[in-house]
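As structure tokens, the structure follows; a few thoughts come after it.
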2 protein chains.
Amino acid sequence: MFSKACEYAIRATIYIARQSMEGLRASLADISREIDSPIAFTSKILQQLVKAEIIYSTRGQTGGFYIESAMMESITIAGIVTAIDGDAIYTDCGLGLKECSGAEPCPVHEKFAEIRESLKNVLESTNIASLASGLKNGVTCLKR
Amino acid sequence: MFSKACEYAIRATIYIARQSMEGLRASLADISREIDSPIAFTSKILQQLVKAEIIYSTRGQTGGFYIESAMMESITIAGIVTAIDGDAIYTDCGLGLKECSGAEPCPVHEKFAEIRESLKNVLESTNIASLASGLKNGVTCLKR
DNA sequence: ATTTATTCGGATATTTTTGTCCGATTAAAA
DNA sequence: TTTTAATCGGACAAAAATATCCGAATAAAT
Ligand code: SF4
Ligand code: SF4
């Protein structure tokens with residue numbers, strides 16, 4: 001459904017959120033250990049999230065990644081997915097066609113549209129705050 | 001959502017179904033022209049569909065691909081997807097985790113499960129007969 | 001000032017997916 | 001029986017996604 005990069009992005013963001021809720025910054029090393037992801041690849045993905053202003057970073061000793069507590073509610077899974085994978089999942093035809101959407105819909109068009117709509121709905125209505133706080137045993141769940 | 005291979009497979013199957021409904025066999029050349037797909041790659045995919053017994057083929061002159069008319073109703077998009085992409089889309093966790101499903105569900109688990117369920121439902125309830133006959137201007141829609 | 005611990009960014013490597021080539025096989029037509 | 005038109009199957013090639021390496025930049029601690 002999502003790319004690997006996007007999956008790591010979601011998990012990393014959840015972990016960073018949990019740390020930020022306790023006033024801690026998360027280092028790349030911590031993140032990649034806790035979400036069990038390849039460290040260098042994760043680094044690239046975190047940089048994308050920083051550019052998208054979903055997370056923030058500071059360099060140097062005691063640096064790391066964090067999330068503004070004011071933003072916890074407004075960062076949604078949808079936002080992360082869009083930042084990493086783009087909006088193809090919400091807009092693309094399930095059959096990979098480019099130019100027929102709408103005009104002469106095939107029998108699946110409406111059904112696909114429904115699915116995409118409900119998917120979009122779920123991803124947009126699930127924010128990082130609820131994800132991070134909902135995970136009682138969050139760290140273990142983010143691994144493997 | 002689906003791999004390219006899977007998209008081609010769905011489109012090819014729809015085209016073959018349309019031809020079979022008129023008693024015609026579809027050649028690889030025809031199929032790849034009508035669904036606008038790379039011919040040699042399409043060949044591999046058709047072979048997979050033949051092995052999965054979703055479509056049938058005969059070699060030699062006047063050969064080609066066809067679908068048993070008795071099976072038109074029972075061939076679903078779900079069946080094609082499973083044959084080409086496997087069942088990951090129905091079973092995999094949206095966050096790419098392996099070992100947490102069920103036990104200690106995270107806040108999105110139930111929502112993801114819902115989406116997967118409705119997706120599965122749509123794909124299983126849409127058969128090739130309805131797809132092929134529903135496309136009035138089918139060929140054009142399968143292109144591009 | 002130097003050391004240390006961190007993110008950043010460019011180049012490179014590996015793996016997977018997508019796509020190509022071509023000869024072997026098959027079966028009908030000539 | 002030979003030619004022709006088709007699928008089959010294995011090896012190969014290209015592109016995209018995933019992953020690694022390493023030096024530069026940054027900032028705190030020593
Ligand atoms: S009509 Fe069917 S094939 Fe065309 S864009 Fe919609 S779902 Fe895709
Ligand atoms: S609980 Fe959450 S992370 Fe775990 S399998 Fe379910 S959706 Fe995925």
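This is a predicted model, so every value here is computed, not measured. Naming: A, B, ... by sequence-line order, numbering from 1 per chain.
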Would you kindly give the CG-to-P distance between B:L46 and D:dG9, to the nearest whole Å? 13 Å

Residue-phosphate contact under 4.0 Å: A:Q47 side-chain N/O, C:dT7 OP1/OP2: no

Rounded to the nearest Å, what distance is computed from the NZ atom of residue A:K44 to the C1' atom of nucleotide D:dT20? 9 Å

Minimum-distance nucleotide (side-chain atoms of B:S43 versus C:dC8, D:dC8, C:dT20): D:dC8

Between A:R33 (CZ) and C:dT6 (C1'), how many Å, whole number? 15 Å

Can you check the B:D30 CG to D:dA5 C1' distance for me, whole Å? 12 Å

Please examine the side chains of A:N121 and A:S125, heavy atoms only from C-beta on, and report whether any two atoms are closer than 4.5 Å. no

Ranking B:A29 and A:A5 by the position along DNA chain D of their nearest nucleotide, the one closer to 5' is B:A29

Contact class for B:Y56 (heavy atom, under 4.0 Å): base, sugar-phosphate, or nothing? nothing

Of the listed nucleotides (D:dT18, C:dT20, C:dT7), which one gets closest to any side-chain atom of A:S57? C:dT7

Taking only the side-chain nitrogens and oxygens of A:T62, find out if one of them lies under 4.0 Å from OP1 or OP2 of C:dA5. no

Closest to the 5' end of DNA chain C, once A:Q61 and A:K51 are matched to their nearest nucleotides, is A:Q61

Less than 4.5 Å apart, any side-chain heavy atom of A:V122 and any of B:E114? no

Donor + acceptor pair across side chains of A:S37, A:R11 (<3.5 Å): no

Take atom CG of A:L28 and atom P of D:dC22, then tell me their distance rounded to the nearest Å. 16 Å

Test for a donor-acceptor pair under 3.5 Å between the base of C:dT7 and the side chain of A:R59, counting only N and O atoms. yes

Name the residue closer to the 5' end of DNA chain C, choosing between A:T58 and B:T42 according to the nucleotide with the nearest heavy atom. A:T58

List the atom pairs, with distances to 0.1 Å, where a side-chain N or O of residues 61-85 of chain B and a protein N or O form a donor-acceptor pair under 3.5 Å, not counting sequence neighbours.
unit_1	atom_1	unit_2	atom_2	d
B:E73	OE1	B:N127	ND2	3.4
B:S74	OG	B:M71	O	3.1
B:T76	OG1	B:A78	N	3.4
B:T76	OG1	B:G79	N	3.0
B:T82	OG1	B:A78	O	2.9
B:D85	OD1	B:S3	OG	2.6
B:D85	OD2	B:S3	N	3.1
B:D85	OD2	B:S3	OG	3.4

Just how far, in rounded Å, is P of C:dT17 from OH of B:Y8? 15 Å

Rounded to the Å, how far apart are A:I16 CD1 and C:dT6 P? 15 Å

Decide yes or no for B:D30 and B:Q19: does some side-chain heavy atom of the first lie under 4.5 Å from some side-chain heavy atom of the second? no

Between atom CD1 in B:I45 and atom P in D:dG9, what is the gap in whole Å? 16 Å

